[in-house]
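Following: one structure in structure tokens, then a few remarks.
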Amino acid sequence: MSREQQAVARARKAFETGRSKPLEHRIHQLKNLQRLFTEKVQEISDAMKKDLNKSEVGTQLYETLGLESEINLTIRKLKEWAAPRPVEKNLLTLSDTVYIKPEPLGVVLIIGAWNYPWAVTIQPLIGAIAAGNAAVIKPSEVSVHTAKLMEDLLPLYIDKELYPVVTGGVPETQELLRQRFDHIFYTGNSMVAKVIMDAAAKHLTPVTLELGGKSPCYIDKNCDIGIACRRITWGKYSNCGQTCIAPDYILCEPSIQDQVIEEIKKSVKEFYTDNPKTCPDYGCIINQRHFKRIMAMLEDSTVAVGGDHDESRCYIAPTILRDVKPEAKGEKPLALYVFTHDDKVIQRMTEETSSGGLLANDCLVHYSVSSLPFGGVGNSGMGSYHGKFSFDQLSHLRGCLIKKLKMEGVNSMRYPPHTHKKLGWARFLLLKNIDLGWLGRMALLAALAVVAAVVFQKYLP
């Protein structure tokens, strides 16, 4: 049995003991996970420095702070999220108990990404733990130092049987995908996502796919272009541009194009100095393979700003391209940005476009709002998470109806022989929408009991 098979089997066995289900256990695991981010700040920062040249402050700001906030929210709201959820009844079920009961799915596979290795790997793990699942965690091998640190640290803080970490590259991931899971959560690119969906289909396993695409950014000529470009510069060049919801290309009227370029150039200098290569807040490209991939994109375009690079340090300066080919854009994006003072422009963008998320007059920050679902559409992914959306995405929302063995007369309308009179009663009870208060429901229930008695006498021996 392979290492990957063993990890999945242990997680399955641990889940079947039932110990992941009590809310006390879930909260205890979440609190332990929270401790990791307060006690191991330096180790996490050191690994991120080696992988992406992120500063200690940048690591906390963009990686772990949001996770701490998510854990706080989940602990505070878990009892409410996990409770049975009453639903509206029809007249036929007025005397019954009808509710939705969230329950764990089982064993979840979480395949993380390299660009924000803690944020996009641990965020779904928080949801998996909260929902009462076991989870196999596969960090991206591309962020090699962080992956090793996760392998070392997570078993010290959370249940290592319920939540094992499996490291490795493509062969290890392929072996994991041969196993049966109850849900797969993947963050990455659409090419790999297709492989994952194909593997999941063999076991009828549902998937959540958080992908990317080219996120457009529209700038209205009548907005405050200086502020717009400042926010766009921050959104684009954070993490050296390696962000799935970064604004990738700008759409604007030709009359403001030069002004936009100059304003972004000015903001780059403000944020990253005259020499971003030595700026601790700029970072680097994750590895030389990705460095070469990005440099190839520059070949067919005109460099308006930047373009400096150093392969030995995986450094590419903040760069702006002109005359980008339309085919470089493409499918529905993970995010769409619009900068304008005009509410009608925002409304039109909202109504006439499709994207995973939409943000007006800023970039990226919708990711930090736990009350908003974060996810893609079409080529940018399927499913969503964050906050309660994570909990629901990784739960089975089980529909429950509890009857009593009484009022059999009402049920006689559904039993053969079928008559038009019975159909009339059924139409009334199923199609009539009556909004009643508590007293009204009690009165109607009493009336239905009388009807049931009459029907019972009429149709049953």
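Values below: all heavy atoms of this structure, side chains included; hydrogens, waters and symmetry mates excluded.
Considering all non-hydrogen atoms of both residues, E210 and L334 come closest at OE1-CD1, 4.4 Å. Nearest heavy-atom pair, P164 versus A135, reported as atom, atom and distance to 0.1 Å: CD-O, 3.3 Å. Taking both residues in full, the closest heavy atoms of P86 and P84 are given as CD-O, 3.5 Å, listed atom of the first, atom of the second, then distance. The minimum heavy-atom distance linking I219 with C229 is given by the pair CD1-SG, 4.4 Å. Residues S267 and R230 come closest through the heavy atom pair OG-CA, 3.4 Å. A134 approaches Y163 most closely through the heavy-atom pair CA-CE2, 4.3 Å.
In summary, the side chains of Q29 and N32 do not present any donor paired with an acceptor at a separation below 3.5 Å, with no hydrogens or angles considered. Side chains of T340 and D220: a donor-acceptor N/O pair is present below 3.5 angstrom, by distance only. Donor-acceptor pairing under 3.5 Å is lacking for the side chains of S384 and Q393. Q123 and E70 form a side-chain donor-acceptor contact under 3.5 Å, judged by distance and modelled atom types alone.
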- Task: Carefully, step by step, assess I286 and N115 under the rule side-chain contact (heavy atoms from CB on, under 4.5 Å).
- Result: CA-CA 8 Å; I286 183 69; N115 57 340; over 6 Å; no
- Stepwise side-chain contact (heavy atoms from CB on, under 4.5 Å) test for V170 and Q174: CA-CA 6 Å; V170 173; Q174 289 174 334; 3.6 Å; yes
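The backbone N or O of V107 sits nowhere less than 3.5 Å from a side-chain atom of N133 that would complete a donor-acceptor pair. With hydrogens and angles ignored, the 3.5 Å screen pairs a side-chain donor or acceptor of E63 with a backbone N or O of A119. Using a distance-only test at 3.5 Å, with no hydrogens or angles considered, a donor-acceptor pair links the side chain of E172 to the main chain of G169. Without hydrogens or angle criteria, K422 side chain to Y415 main chain gives a donor-acceptor distance under 3.5 Å. Between the side chain of S215 and the backbone N or O of A335, at least one donor-acceptor pair lies under 3.5 Å. Between the side chain of K332 and the main chain of G213, no donor-acceptor pair closer than 3.5 Å is present. Formation of a donor-acceptor pair under 3.5 Å by the T93 side chain with backbone atoms of N90 is found in this model.
In this structure, K40 NZ and L154 CG are separated by 12.0 Å, a value rounded to the nearest 0.5 Å. Here the CD1 atom belonging to I129 is positioned 5.5 Å from the CG atom belonging to L33, to the nearest 0.5 angstrom. With rounding to the nearest 0.5 Å, the separation of OG1 in T59 from CG in L65 is 12.0 Å. Rounded to the nearest 0.5 Å, atoms CD1 (I122) and CD1 (I137) are 6.0 Å apart. One finds the CD1 atom of I245 at 12.5 Å from the CG atom of L336 (value rounded to the nearest 0.5 Å). To the nearest 0.5 Å, atom OG1 of residue T208 and atom CE of residue M382 are 9.0 Å apart.
Around atom CZ of R398, no more than 12 heavy atoms belonging to other residues, nucleotides or ligands sit under 6.0 Å away. With a 6.0 Å radius and a threshold of 12 heavy atoms from other residues, nucleotides or ligands, K89 has its NZ atom above the threshold. The environment of CE in M349 is crowded: more than 12 heavy-atom neighbours from other residues, nucleotides or ligands sit within 6.0 Å. No more than 12 heavy atoms of other residues, nucleotides or ligands lie within 6.0 Å of NE2 in H28, so this atom counts as exposed by the packing criterion. Heavy atoms of other residues, nucleotides or ligands lying less than 6.0 angstrom from CZ of R85 number more than 12. For CZ of R348, the number of neighbouring non-hydrogen atoms (other residues, nucleotides, ligands) closer than 6.0 Å is 12 at most.
In this structure the side chain of D342 never reaches within 4.5 angstrom of the side chain of N222, judged on heavy atoms. Proximity of L52 to S143: side-chain heavy atoms (C-beta onward) are nowhere separated by under 4.5 Å. Side-chain contact between P124 and Y186 is absent, with no heavy-atom pair separated by less than 4.5 Å. Within the 4.5 Å cutoff, side-chain heavy atoms of V166 are placed close to those of R3. Within the 4.5 Å cutoff, side-chain heavy atoms of M413 are placed close to those of L429. Taking the side chain as every heavy atom from C-beta outward, T38 and E68 approach each other to under 4.5 Å. Looking at heavy atoms from C-beta onward, Y237 lies in side-chain contact with I264 at the 4.5 angstrom threshold. Between I158 and L125, some side-chain heavy-atom pair lies under the 4.5 Å cut-off.
Scored by the side-chain hydrogen bond (donor to acceptor under 3.5 Å, both in side chains) test, D224 finds no partners at all (sequence neighbours excluded). In this structure E88 satisfies the side-chain hydrogen bond (donor to acceptor under 3.5 Å, both in side chains) test with no other residue, sequence neighbours excluded. Residues satisfying the side chain to side chain contact (heavy atoms under 4.5 Å, CB included) criterion with Q34, sequence neighbours excluded, are I71, N72, I75. The side chain to side chain contact (heavy atoms under 4.5 Å, CB included) check on K77 picks up L73, E80, W81, with sequence neighbours excluded. With sequence neighbours left out, the side chain to side chain contact (heavy atoms under 4.5 Å, CB included) criterion links T205 to F181, I184, A200, H203. Under the side-chain hydrogen bond (donor to acceptor under 3.5 Å, both in side chains) criterion, K388 pairs with D392, not counting sequence neighbours. For F185, the ring pair (Phe, Tyr, Trp, His ring centres under 6.0 Å) partners are Y385, not counting sequence neighbours. Residues meeting the side-chain hydrogen bond (donor to acceptor under 3.5 Å, both in side chains) test with D96, sequence neighbours left out: K403. Every side chain to side chain contact (heavy atoms under 4.5 Å, CB included) that E331 has, sequence neighbours left out, goes to N379.
Annotation: ring pair (Phe, Tyr, Trp, His ring centres under 6.0 Å) contacts involving residues 92-147, sequence neighbours excluded, comprise F37-W118, W114-H290. The stretch residues 348-367 participates, sequence neighbours left out, in these ring pair (Phe, Tyr, Trp, His ring centres under 6.0 Å) pairs: Y367-F374, Y367-H386.
When K50, K49, Q42 are each tested for a side chain to side chain donor-acceptor pair (under 3.5 Å) with D46, only one passes: Q42.
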Table please: side-chain donor-acceptor pairs of residues 7-18 below 3.5 Å, with sequence neighbours left out.
residue	atom	partner	partner atom	Å
R12	NH1	D182	OD2	2.6
R12	NH2	R180	O	3.1
R12	NH2	D182	OD2	3.4
T17	OG1	A14	O	2.5
T17	OG1	R19	N	3.4

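The pair D281-K54 does not count as a salt bridge, with every side-chain nitrogen at least 4.0 angstrom from each carboxylate oxygen. Between D152 and K148 there is a salt bridge, since at least one side-chain N of the basic residue sits less than 4.0 Å from a carboxylate O of the acidic one.
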